[in-house]
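All values derive from a computational prediction rather than experimental measurement. The residues of the chain are indexed from 1 along the displayed sequence. Heavy atoms only: backbone and side chains are in, while hydrogens, waters and symmetry mates are out. Counting starts at 1 for both ligands and their atoms, in listed order.
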Amino acid sequence: MLDHVPAALVVQDLVMRYGATVAVDGISFSAAAAEVTAVLGPNGAGKTTTLEICAGLRRADAGTVHVLGLDASRDATALRARVGVMPQATGSGAAGVYPSARPRDVLRLFAALYADPHDPAALLDRLDLTAAAGTPWRRLSGGEQQRLSLALALIGRPELVFLDEPTAGLDLHARRSTWTLIEELRAAGVTVVLTTHAMDEAERLADRIVIVDAGRVVAAGSAAELTGGGRSLEDVFLAVTGDRR
Ligand code: ATP
């Protein structure tokens, strides 16, 4: 990250334990404003835990997180209006929506919580959900649930969004369309922090890539910096995360 670009997210010495499991073991990184930062790492590396702490959904055991200049745990209420969160999808689809709720109603409900929300109908249209707007959550396809979850993260016009595997399970059209949307967000000045397992996604979207393994940052930089020696990002990823299989 260039020194003159202000950091919208600063994570310092983060530690999180679940019983005997150390999920996050001293993670530090920052994300520049109006850039896309991609957090990569093997399964169980601590990506979701880190993102949830940054988004104010979990409290860390140690360390600090500053989002848009505010303390993520102390100023969580103030940040709620300025930050959007797309949680990781569960095995049965994206998290956190009632089974009988319909996209149109959920989005209107969320819009009412914000001072200057997007128009729910326009956002449904942008995410190709108009035809599914009246379908109960439990009957939406996995990809439709994912796209609704993204819409819910964006409805309040956030300055910064945390997207946990935003394209997981999406078909190629929806995936490309989501990439374009993320690029539009960046162009509009929104800071995007996302996790992904897809190297092509990180290479296409991310200004900065942070690779974590076993709760620690093992490499960080732009895709060009990380792959400087002519290696593919996949090779770099495999090299820095070790081979434990
Ligand atoms: P993935 O790529 O599979 O989504 P991740 O990098 O997001 O993985 P986390 O979900 O943050 O990893 O998990 C980090 C570690 O913490 C794992 O060992 C996981 O089993 C453990 N863990 C996560 N959540 C909990 C929880 N609520 N209780 C106990 N252990 C947990």
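Numbered from 1 in the order shown, with element, the atoms of ligand 1 that lie under 4.0 Å from a heavy atom of Ala23 read 14 (C), 15 (C), 16 (O). Near Ala45, meaning under 4.0 Å from one of its heavy atoms, ligand 1 places the atoms 5 (P), 6 (O), 12 (O). Residue-ligand proximity, Gln88 to ligand 1, at heavy-atom distances under 4.0 Å covers atoms 4 (O). Distances below 4.0 Å separate heavy atoms of Asn43 from the following atoms of ligand 1: 1 (P), 2 (O), 3 (O), 8 (O). Interface of Thr21 with ligand 1, defined as ligand atoms under 4.0 Å from a residue heavy atom, comprises 18 (O). Against a heavy-atom cut-off of under 4.0 Å, His197 is close to the following atoms of ligand 1: 2 (O).
Below 3.5 Å of separation, one finds an N or O of Lys47 facing an N or O of ligand 1. Ligand 1 has a nitrogen or oxygen under 3.5 angstrom from a nitrogen or oxygen of Gly46. Between Thr49 and ligand 1, at least one pair of N/O atoms sits closer than 3.5 Å. An N or O contact shorter than 3.5 Å is missing between Gly41 and ligand 1 by distance.
The protein does not reach atom 20 (O) of ligand 1 closely, with no heavy atom under 4.0 angstrom from it.
The environment of CD in Glu234 is sparse: at most 12 heavy-atom neighbours from other residues, nucleotides or ligands sit within 6.0 Å. A 6.0 Å sphere centred on CZ of Arg59 holds no more than 12 heavy atoms belonging to other residues, nucleotides or ligands. Within a 6.0 Å radius of CZ in Arg17, other residues, nucleotides and ligands contribute 12 heavy atoms or fewer. Under a cut-off of 6.0 angstrom, the local environment of CZ in Arg216 is sparse, with at most 12 non-hydrogen atoms contributed by other residues, nucleotides or ligands.
Looking only at atom types and distance, the side chain of Glu165 has no donor-acceptor partner in the side chain of Thr195 under 3.5 Å away. Checking Thr130 against Asp128 by side-chain atom types alone, no donor-acceptor pair falls below 3.5 Å.
What sits closest to atom 10 (O) of ligand 1 on the protein, heavy atoms only, is Thr48 CB, 3.7 Å. Distance from atom 14 (C) of ligand 1 to its nearest protein heavy atom, with residue and atom name: Gly44 O, 3.4 Å. Nearest to atom 23 (C) of ligand 1 among the protein's heavy atoms is Tyr18 CE1, 3.2 Å.
Within the structure, ligand 1 has Glu165 among the residues with a heavy atom less than 4.0 angstrom away. Using a 4.0 Å cutoff on heavy atoms, Pro42 counts as a contact of ligand 1.
For the pair Val36/Thr191, no side-chain contact is recorded, criterion being any heavy-atom separation below 4.5 Å from C-beta on. The closest side-chain heavy-atom distance from Cys54 to Val11 is below 4.5 Å. Proximity of Val24 to Val15: side-chain heavy atoms (C-beta onward) are nowhere separated by under 4.5 Å.
Nearest heavy-atom pair, Ser28 versus Asp13, reported as atom, atom and distance to 0.1 Å: OG-N, 2.8 Å.
Between Arg126 and Glu184, at least one side-chain nitrogen of the basic residue sits less than 4.0 Å from a carboxylate oxygen of the acidic one, meeting the salt-bridge criterion.
For Asp164, no heavy-atom contact with ligand 1 is shorter than 4.0 Å.
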